[in-house]
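Step one of this worksheet: look at the structure below.
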Amino acid sequence: MTTETVRLDEFYADLARADLAPLWNITEHLLTPQPRPRAVPWLWRGDVLRPLAERAIELVPVERGGERRVLSLANPGLGGRPYAAGTLWGALQALGPHESAPAHRHTPGAIRFVLDGRGVFTTVDGDACDMRPGDLVLTPGWAWHDHTNTGNGPMFWFDGLDLPMIEALDGVFFEEYPALQQPQQEPHNRSETTHASRGSRTVPGRSERLDPSPSPLLVYRREDTDADLTRLAGESGAAHVSVEFVNPRSGASVLPTLACHMHRVSGDGTATRQSGNQIFVVYQGAGHSVIAGERFDWAPGDMFVVPSWLPVSHHAAGADLFSIDDSPVLRAIGIFRREAVA
Ligand code: 1HN
């Protein structure tokens, strides 16, 4: 060996001993020309999810410790982690008749999009928010929350959380409420009474505003969303119309980390891509989406993931899709990109 090689070998050994990694030898791709999400495009069928959630109701109680009866969407690209995408948690939650899920709070923020059933309310910092199919209910980060099913049937909803982002920031805190349930204020739906009429609940397309505070309005009703989409589709005549649910006070996304949209697809949509991840939940109607050239057929109750920067287009004769994405975080740091793809 030449002295040069010996000196170099010694140098690399000394670097490793000093817990240093020379950038010129790092083989994993750090600065990729474009996002390279490890999560893959994936669809979970409602007719697979639902019977499994029903079996969970029969077999698994909702208790302290487990806290929730939740089937998390585990993206096959993420090596067994319980995340739908690198930055997003998505899941189906089930609550049986006369059950409650214990009160707790955590720094990750959550949204619920109700799929089926009646009789559940989620109490958020004392405000009991009644849940009906098609409603969006918020539990902002660090708000106490518990779910109560007063009905005679099971209830099912989609849970979306920013948990993977908060975990990446090493910012997860969790606390149990001292009792199983919080006291509930009467009447229910106080946030709605106070805030629903004080500003718009949705905006066409996507909000450009930013707000570090979550929306004080905690419930967005299906009837209002439906009316907004119907009006927008009538005015624009477009095949695909979308509204974003917004904070009526600031016009920003509902949570500082998560944007929620409802899309009405009638016809063939055009392909777009955006930085950051998206989860879609089919509320009504059947159709299909093409993600990076791969076709995913869907029906009500299906959930699918569009990882960062992959082109997606939606196609249906008439369908409503709910979605969450992490765009408020990318926008807050000035790196959000969205474009049409030919
Ligand atoms: C959580 O608290 C809920 O409150 C749902 O319903 C899903 C997933 C991960 C961590 C906490 C809920 C969750 C969660």
Side-chain angles (χ1 to χ4, degrees), residues 39 44 49 52-53 56-57 60-75 78 80-96 99-117 119-133 135-151 154-182 184 191 214 218-220 254-255 257-258 260 277 279 281 303 305 322 324 326:
W44 293 260
L49 286 165
L52 291 169
I57 293 177
V60 188
V62 182
E63 290 170 336
R64 268 285 177 231
E67 304 287 302
R68 299 291 184 263
R69 191 186 290 108
V70 161
L71 301 179
S72 93
L73 308 178
N75 191 293
L78 296 180
R81 298 242 63 200
Y83 298 152
T87 53
L88 299 174
W89 173 286
L92 180 64
Q93 180 160 174
L95 200 57
E99 283 185 327
S100 343
H104 66 210
R105 64 178 174 180
H106 34 71
T107 46
I111 65 89
R112 331 271 162 206
F113 180 72
V114 184
L115 292 170
D116 197 19
V120 172
F121 59 84
T122 289
T123 309
V124 186
D125 282 340
D127 183 13
C129 303
D130 294 320
M131 297 165 78
R132 291 182 286 266
D135 291 351
L136 169 65
V137 178
L138 312 180
T139 63
W142 212 236
W144 293 112
H145 56 285
D146 52 87
H147 314 296
T148 303
N149 188 347
T150 59
M155 199 149 173
F156 302 90
W157 63 86
F158 167 79
D159 285 315
L161 285 90
D162 56 18
L163 174 55
M165 287 186 249
I166 307 303
E167 186 199 86
L169 294 167
D170 286 328
V172 174
F173 290 84
F174 170 85
E175 203 168 76
E176 288 177 0
Y177 191 75
L180 279 177
Q181 278 180 277
Q182 306 168 68
Q184 297 121 31
S191 79
L218 301 172
V219 231
Y220 294 75
V254 288
L255 297 184
T257 47
L258 295 177
C260 296
N277 300 301
I279 307 176
V281 179
M303 303 175 183
V305 171
F322 172 79
I324 67 165
D326 49 19

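The residues of the chain are indexed from 1 along the displayed sequence. Computed from a predicted model, the values in this text were never measured in an experiment. In each ligand, atom 1 is the first atom listed, and ligand 1 is the first ligand listed.
- Remark: minimum distance from atom 1 (C) of ligand 1 to any protein heavy atom is reached at His106 NE2, 3.7 Å.
- Aromatic ring orientation, His106 versus His145: perpendicular (interplanar angle above 60°, classes split at 30° and 60°).
- With atom 14 (C) of ligand 1 as the reference point, the heavy atom nearest to it among Leu95, Leu161, Val62 is part of Leu161.
- Between Trp89 and ligand 1, not a single N/O pair is under 3.5 Å apart.
- No part of Glu67 comes within 4.0 Å of ligand 1, judged by heavy-atom distances.
- Taking a cut-off of under 4.0 Å to the non-hydrogen atoms of Gln93, the atoms of ligand 1 that pass are 5 (C), 6 (O), 12 (C).
- Within 6.0 Å of atom CZ in Phe174, more than 12 heavy atoms from other residues, nucleotides or ligands are found, so the atom counts as buried in its surroundings.
- Residues Leu258 and Gly109 approach most closely at CD1-O, 4.3 Å, considering heavy atoms.
- Checked for salt-bridge contact, Glu176 and Arg105 miss the test: no charged N lies under 4.0 Å from a carboxylate O.
- Nearest to atom 12 (C) of ligand 1 among the protein's heavy atoms is Arg68 NE, 2.8 Å.
- When each atom of ligand 1 is checked for a heavy atom of His147 under 4.0 Å away, the hits are 4 (O), 6 (O), 12 (C).
- Of all atoms in ligand 1, listed by their number and element, those nearer than 4.0 Å to a heavy atom of Arg112 are 3 (C), 4 (O), 5 (C), 6 (O), 12 (C).
- Interatomic distance, Met155 CE to Arg132 CZ, rounded to the nearest 0.5 Å: 9.0 Å.
- Taking both residues in full, the closest heavy atoms of Leu136 and Phe322 are given as CD1-CZ, 3.8 Å, listed atom of the first, atom of the second, then distance.
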